[in-house]
Amino acid sequence: MQMVCWLYARISQDPREQRRGVDRQLRDLRLHAERQGWEIRGDFHDNDLSAFKEEERPGYNNLMRAVALEMPQVRESGMRGVVLALHSSRLWRRAVQRAQAIDDLQQAEACVAFETGGFFDMTKATDRSMLRQVGEADTQESEVKAERVRREAEARAEEGRANGAVLYGWRRVYDIDDRGRRVGFRDVEHEEQAPVVREIIARLGRRETLRSVTEDLNRRGVLPPGAHLVMRKKKRAVGNEDGTRWNKDSVKKVALRPANAGLRQYKETLYPAAWPALVDEAEWRRVVDILKEKKPSVGRRVRDDLEHPDKPPLARDSDRKHLLSWGIGECGPCGSVLRVVRKGKARLPLYVCDAKGCTGRSEEYVDAWVASVVVARLTRSDARDVFGGDDSAAQAQVAQAEALTRRLEAAAEDYADGVLTRQQLSKITVRLKEQIASHMEEAKRLRPRLSSDTMGDLLGAPMELAEAAWERLSVVQKRAVLEVLDVKVRILPTVRRGPGFDPEYVQVLAGDGTPFSDYVPAA
């Protein structure tokens, strides 16, 4: 019976994408098909793609689609169809995908053949069983290799060694022996990139926005990670084909890396790194807390407004241009949020009640009054103890959490060695994870939510320095200070109308409702 075939080739690793491997496989497959007298209907390939990892394989998907579509016509013409590959491992490594393919090929009444030997008719149960057995050896080989690779990766992490290419902020120095061979390497600070990383961490710690930091870096022409590198598997954004411009995601990714604080991450565990830290760990963790704060999505804001019409709306990013609008300020009579409008011939900005227009007050005068109250409170001698946080206490909590994490890993090894039963490991895991989460939550509570660069000149400083420090902050940073201090500003309607500003009708309150100027922390 005449045979038609579809060729498939695959190479797992080809970082330079030279295609030599897949081209060689396809050449050998064509020669094999010609020797057998088979008609070639199409050839498919996947280059630099693993069949064991859950990666999308376009060539394989197109192959299976072509077989399913063309086999009915092949059968009607009295011919047989066969999928031809170099070896079973080129087609499948994962048992689930292999099982699905065998079922699909059975339905199509197709065959599978390998250039290295073997022909399997998918309409016959014996051939299907034999193909499964052949494939199981491939799966076992991949799983054993994966276990070996994982253990080596874990060992590198435990020793703090880098994995893969050097990270942005460092440069790699190779150790050469007397014969000119590379015998090791170490990563040291990059003279140009390390200051950029420190700047990003510092500015985000001062509550500058990702957008403002990104725009400033691009305006100055600072090159981001991967600039001018050729992207082979991923496409860059339009207008940034050479990768020379930052975006908010790239700034955020750089800031979130544990490597910045001299930490090497493997899965969920952090180990001391072999490379030098660029920033203090406490400063890095504070920035991580800031960037991982959950902001309400547009959908959530809409649902919240519809489901709770009497509740103050959630703050929107576009409404954070004013110090007290949407969330910090509220209307005294009805509790609604404040928004800014411009009224009168001079078009001066006013804070007004968003719901009923109960109140209205000059934005300039209100902001100045709030600043004077907040700065006066922060310059008191006890301000640093009350608002400064405690980095050392936070670090102690993190250390306890890391010690418990190591105990959890030791328990897992004891289970693998048969020292513990599954039930015992389960109980230990639940208890230790609860304790780890508790310590990390306490560390987050103790850690200052604003950097010392932002709060240092405000806490316990002389009034003149504190006022100047407040004026240097952007509106976003000033809002962040008020949010961290849990300050609420309530505007009350005045008894009389007319020019002038009366601070008696603007209340600056702490979170417990007491005047912020009198705020004393609970014992």
Side-chain angles (χ1 to χ4, degrees), residues 206-208 315 319-333 335 337-343 346 348-353 358-389 448-521:
R206 294 194 298 266
R207 293 282 180 149
E208 293 190 37
D319 300 316
R320 298 179 183 271
K321 299 176 182 179
H322 305 279
L323 187 63
L324 306 182
S325 60
W326 297 94
I328 295 178
E330 63 181 28
C331 172
V337 295
L338 302 178
R339 61 188 177 94
V340 174
V341 299
R342 295 181 180 272
K343 292 186 177 182
L348 296 177
L350 302 176
Y351 286 120
V352 299
C353 168
C358 308
T359 57
R361 208 62 49 82
S362 166
E363 178 186 20
E364 178 184 357
Y365 290 149
V366 172
D367 286 358
W369 172 244
V370 171
S372 65
V373 174
V374 172
V375 170
R377 177 64 184 89
L378 295 181
T379 56
R380 281 169 38 178
S381 59
D382 64 340
R384 188 168 296 277
D385 295 333
V386 175
F387 305 114
R449 293 178 59 192
L450 285 172
S451 70
S452 57
D453 292 341
T454 302
M455 299 294 288
D457 292 335
L458 292 173
L459 297 179
M463 181 64 72
E464 295 80 6
L465 294 179
E467 289 175 342
W470 177 266
E471 291 304 319
R472 287 196 299 268
L473 301 179
S474 66
V475 173
V476 173
Q477 291 174 310
K478 291 176 181 177
R479 285 183 63 94
V481 172
L482 298 183
E483 289 172 354
V484 168
L485 301 178
D486 198 18
V487 170
K488 292 292 182 182
V489 179
R490 183 177 300 157
I491 295 183
L492 304 175
T494 58
V495 176
R496 63 179 179 82
R497 293 184 176 273
F501 174 75
D502 190 345
E504 181 180 349
Y505 299 100
V506 178
Q507 298 177 345
V508 184
L509 306 174
D512 57 3
T514 61
F516 186 74
S517 58
D518 300 332
Y519 174 70
V520 177

Counting only pairs under 3.5 Å, give me each side-chain donor-acceptor contact of residues 459-467, with atom names and distances, residues two or more places apart or in other chains.
none

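Shown here are the salt bridge (Lys or Arg N to Asp or Glu O under 4.0 Å) partners of Glu363, two or more places apart in sequence or in another chain: there are none. Legend: residues meeting side-chain contact (heavy atoms from CB on, under 4.5 Å) with Ala371, ordered by chain and number and at least two apart, are Trp470.
Of all heavy-atom pairs between Pro493 and Tyr505, the closest is O-CD2, 3.6 Å. Taking both residues in full, the closest heavy atoms of Leu485 and Phe516 are given as CD1-CZ, 3.8 Å, listed atom of the first, atom of the second, then distance. For the pair Tyr351 and Ser362, the tightest heavy-atom approach, listed with the atom from each and the gap, is CD1-O, 4.5 Å. Across Cys358 and Cys353, no two heavy atoms sit closer than the pair N-CB, 3.4 Å.
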> Should Ile328 and Glu483 be marked as a side chain to side chain contact (heavy atoms under 4.5 Å, CB included) after you check the CA-CA gap, both sets of side-chain angles, and the distance that decides it?
Replying inline: CA-CA 7 Å; Ile328 295 178; Glu483 289 172 354; 4.1 Å; yes

>> Val506 vs Val489, test: side chain to side chain contact (heavy atoms under 4.5 Å, CB included). Steps then yes/no.
In response: CA-CA 7 Å; Val506 178; Val489 179; 3.8 Å; yes

>> With side chain to side chain contact (heavy atoms under 4.5 Å, CB included) as the criterion, how do Val352 and Thr359 come out once you've worked through the C-alpha distance, each side chain's angles and the decisive distance to 0.1 Å?
In response: CA-CA 5 Å; Val352 299; Thr359 57; over 6 Å; no

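Glu330 places no side-chain N or O within 3.5 Å of a backbone atom of Val337 that could act as its donor or acceptor partner. Between the side chain of Glu471 and the main chain of Ala468, no donor-acceptor pair closer than 3.5 Å is present. In this structure, the side chain of Thr379 engages the main chain of Val375 through a donor-acceptor pair within 3.5 Å.
Residues Leu324 and Leu482 meet the side-chain proximity criterion, which asks for heavy atoms closer than 4.5 Å. The side-chain heavy atoms of Leu509 and Val487, taken from C-beta on, include no pair separated by under 4.5 Å.
Between Cys331 atom SG and Arg361 atom CZ the span is 10.0 Å, to the nearest 0.5 Å.
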